[in-house]
Amino acid sequence: MKTMYRTHTCGELNGQHVNEKVTLCGWIQKIRKLGGMTFIDLRDRYGITQLAFNAEQNPDLCKQIEPFGREWVIQVTGIVTERYSKNKNIPTGDIEILVEEIQVLNESLTPPFTIEDESDGGDELRMKYRYLDLRRNPVKNNLMFRHKLGIAIRNYMNNIGFVEIETPFLIGSTPEGARDFVVPSRLTHGEFYALPQSPQTFKQLLMVAGFDRYFQIVKCFRDEDLRSDRQPEFTQVDCEMSFVTQEDILNTFEGLLKYIFKEIKGIDIEPIERITYADAMRFYGSDKPDARFDMRFVELNDVLKHRDFKVFNEAELVVGIVAKGCANYTRKQLDGLTDFVKRPQVGASGLVYVLCQEDGHFKSSVDKFYNQEDLRAVAEKCGAQAGDLILIMAGKTEKTQKQLCELRLEMGNRLGLRKAGEYKLLWVIDFPLLEWDEETQRYYAKHHPFTAPKPEHEAILETEPGKVNANAYDIVINGTEVGGGSIRIHDKNMQKRMFKALGFTEEEAQRQFGFLMNAFQYGAPPHGGIAFGFDRLCSILCDADTIRDFIAFPKNNSARDVMLNIPSPISEAQLKELGLK
RNA sequence: GGUCCGGUAGUUCAGUUUGGUUAGAAUACAUGCCUGUCACGCAUGGGGUCGCGAGUUCGAGCCUCGUCCGGACCGCCA
């Protein structure tokens, strides 16, 4: 009858424990047989401790460990001994266990890849055996990091009076926003639940209920295609407050971010700069600019549209960026940049360059159309100096901004301006309330349909919907949107007007969101909030380029779990029971 | 829905440019030697449906077409 499995973990023994009798449990990381001596590295989540076996002193034990292999689970009892030759690389490197007794708790097959920091396993294989992958330090540390971040957030939010409240996962489907995951109802055939894309309406109802500071670290679900930073189920830090202005919210969560960076990374971040959506688009061509480097857009319509160059003359926008010190780019490099913007993913038809040469002359790909004076005017407007390279694109405003944004980021990469370990946070504010969609010929909510128009724009909601701005904001870190929120509508009539602007009939609005508008009739306080992408926050804080590394059991590119091999069919009986057959 | 890249030993990859004898390396695994290793070392050995299917050819890992799987991206993600 076993009374105790272990007295210590594999990460805690050191010189102070010498001569103590200890019992350890763990996995065999590595066996090194040197003839008379055998060493086993025993691993658990806390570290590695070396076990030593001497054939002369203890031949029976050495015989017993003969068949042992990697990843077997064993329990050993022995004496902590100072090492003959110490290992400075690990915390337990001063000691080893002189084993007296050993017991196999479980054998293991040879794992399909090495359980080491630099594993030989590929992504797919590691996902298929994720439980083995999770034994590796890098992945384990990522999950530990996630845990730490979660604790930090909960501590901070608790300290400033936020209450964590759970909201349901089985809710109703709504047409707005992302595609819903749906769950068939067994009790009412032909009817469905949906999994929440976010707890949006529930947190608003909690405001009506008087929980004026709510938060929740919560799973959300969206049935859309995946990316390295997008999973069908992901985690949000969802927050909402009552009786607050946008200013209150930005300040409150700037405090949270400041705390996180200090607590988790030991970094004191600068006060977070703010930029309007309009300026973000104008200067960076993106609503989530990487502000670690400047390289702002300069509009060049007025200095480049007076000559005979059709491409510019017919363009809605002619816009350039300055790449400092790149005037020495070779023809090959310039062609490389042109190829970059011509890739289907960027989709530009071309790229114009102006080299500001050291001797004061300008050389461009449009010398046929523009003289030195013209090009000097361009350089002046861009603030380019001798030695700089100006890159210019032209076309429809939105498309061109997007394309130049891609080029700007690419140049940032090439010039090493997007440094890992450097963090630039940015509030993007004053988002438009609505966005026109050509395909369906209607307005969509840019943020979501519960976002309030700016009070000064309320009057033109019906007449000029496209010009209405909202007190909506995103928090952007190094070019990644890690959170967003808004001041919400808390008035039934305003909410009705909003649904109307989105093309809902009154019946549709009532059927889908009647519960919310009803609630607004019972003293809904003014409120607003924000939600952070928890997985993204983890990956950004660790300079990782994928959120998968921070999720214990993520889905692959096709939304499959290759370990469980799901999604998978269900039985005829189940289908029948759910009324799907 | 689209574009691009990849699929060869348990694993990570080379080999495909220019089709040609028995498809290699590293690592992992097994066996032997080795008393201070900690990326131990040395020696030996086993291990291959070259993703799958069709086609071209005297001959296909290599060329063509299709298909499946994986990855990155565009569309999509209020």
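Lettering of chains follows the sequences in order, A, B, ..., and the numbering in each one begins at 1. Reckoned from all heavy atoms, side chains included, excluding hydrogens, waters and symmetry mates.
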Does a distance-only test, which skips hydrogens and angles, find a donor-acceptor pair under 3.5 Å between the side chain of [X] and the base of [N]?
X: Arg230(A); N: C76(B); value: yes
X: Asn556(A); N: G71(B); value: no
X: Asp120(A); N: G10(B); value: yes
X: Arg83(A); N: C38(B); value: yes
X: Glu96(A); N: G36(B); value: yes
X: Ser85(A); N: C38(B); value: yes

Identify whether any heavy atom of [X] sits under 4.0 Å from a base atom; if not, whether one sits that close to sugar-phosphate; answer base, sugar-phosphate or nothing.
X: Thr110(A); result: sugar-phosphate
X: Leu226(A); result: nothing
X: Ser228(A); result: sugar-phosphate
X: Glu56(A); result: base
X: Pro449(A); result: base
X: Ser119(A); result: nothing
X: Gln50(A); result: base

Contact under 4.0 Å: [X] side-chain N or O vs [N] OP1/OP2:
X: Thr114(A); N: U11(B); answer: no
X: Asn557(A); N: A72(B); answer: yes
X: Arg179(A); N: C77(B); answer: no
X: Lys402(A); N: G75(B); answer: yes
X: Arg222(A); N: C77(B); answer: no
X: Arg227(A); N: C74(B); answer: yes

With RNA chain B as reference, determine whether Arg548(A) or Tyr444(A) sits nearer its 5' end, using the nearest nucleotide of each.
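Nearest nucleotide further toward 5': that of Arg548(A).
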Please tell me which of Glu82(A) and Glu66(A) maps to the more 5' nucleotide of RNA chain B, matching each residue to the nucleotide holding its nearest heavy atom.
Glu66(A)
Between [N] and [M], how many Å separate the two [atom1] atoms, rounded to a whole number?
N: G55(B); M: A60(B); atom1: P; result: 12 Å
N: C29(B); M: U12(B); atom1: C1'; result: 15 Å
N: C50(B); M: C63(B); atom1: P; result: 16 Å
N: U64(B); M: C5(B); atom1: P; result: 12 Å
N: C73(B); M: G66(B); atom1: P; result: 26 Å
N: G41(B); M: U37(B); atom1: P; result: 12 Å
N: G47(B); M: U22(B); atom1: C1'; result: 16 Å
N: G24(B); M: U16(B); atom1: P; result: 15 Å

Given 3.5 Å as the limit, does a donor-acceptor pair link the side chain of Ser286(A) with the main chain of Cys405(A), or not?
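Between the backbone of Cys405(A) and the side chain of Ser286(A) there is no qualifying donor-acceptor contact (under 3.5 Å).
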Would a distance-only check, ignoring hydrogens and angles, find a side-chain to backbone donor-acceptor pair under 3.5 Å from Glu71(A) to Trp27(A)?
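It does not hold such a pair.
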The reported gap from CG in Leu134(A) to NZ in Lys140(A) (rounded to nearest 0.5 angstrom) is 11.0 Å
Starting at CZ of Arg408(A), measure out to CD of Gln401(A) and round the result to the nearest 0.5 Å.
12.5 Å
For [X] and [N], give me the distance from atom [atom1] to atom [atom2], rounded to whole Å.
X: Arg560(A); N: G71(B); atom1: CZ; atom2: C1'; value: 16 Å
X: Glu410(A); N: C73(B); atom1: CD; atom2: C1'; value: 13 Å
X: Phe68(A); N: A30(B); atom1: CZ; atom2: P; value: 14 Å
X: Lys30(A); N: C29(B); atom1: NZ; atom2: C1'; value: 12 Å
X: Lys33(A); N: C33(B); atom1: NZ; atom2: P; value: 11 Å
X: Glu118(A); N: A39(B); atom1: CD; atom2: P; value: 14 Å
X: Leu34(A); N: G32(B); atom1: CG; atom2: P; value: 16 Å
X: Tyr84(A); N: U37(B); atom1: OH; atom2: P; value: 9 Å

By centroid distance (under 5.5 Å) and plane angle (under 30°), are Phe39(A) and U37(B) in a stacked arrangement?
yes
Are [X] and [Y] packed together at the side-chain level, in the sense that at least one heavy-atom pair is separated by less than 4.5 angstrom?
X: Pro111(A); Y: Tyr129(A); result: no
X: Glu100(A); Y: Leu61(A); result: no
X: Trp436(A); Y: Gln441(A); result: yes
X: Cys62(A); Y: Asp60(A); result: no

Pairing nucleotide - [N], Watson-Crick or G-U, each distance under 3.5 Å:
N: C38(B); result: none
N: G61(B); result: none
N: C50(B); result: none
N: A72(B); result: U3(B)
N: C29(B); result: G45(B)

With ring-ring contact (aromatic ring centres under 6.0 Å, His included) as the test, would you mind laying out the steps for Phe297(A) and Tyr284(A) before giving the verdict?
CA-CA 6 Å; Phe297(A) 289 16; Tyr284(A) 300 103; 7.3 Å; no
Closest nucleotide among C38(B), U35(B), U11(B) to the Met37(A) side chain:
U35(B)
From G71(B), A39(B), C38(B), pick the nucleotide closest to the side chain of Ser558(A)?
G71(B)
Strictly below 4.0 Å, heavy-atom distances to any atom of RNA chain B: list the hits from residues 466-499 of chain A, or just say none.
none
Worked verdict on Phe169(A) versus Phe221(A) for ring-ring contact (aromatic ring centres under 6.0 Å, His included):
CA-CA 9 Å; Phe169(A) 278 174; Phe221(A) 307 86; 5.5 Å; yes
Consider side chain to side chain contact (heavy atoms under 4.5 Å, CB included). Of Gln29(A), Arg70(A), Arg136(A), which one does Thr114(A) pass it with?
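Single side chain to side chain contact (heavy atoms under 4.5 Å, CB included) partner of Thr114(A) among Gln29(A), Arg70(A), Arg136(A): Arg70(A).
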Side chain to side chain donor-acceptor pair (under 3.5 Å) with Glu240(A): which of Gln204(A), Gln200(A), Arg488(A)?
Arg488(A)
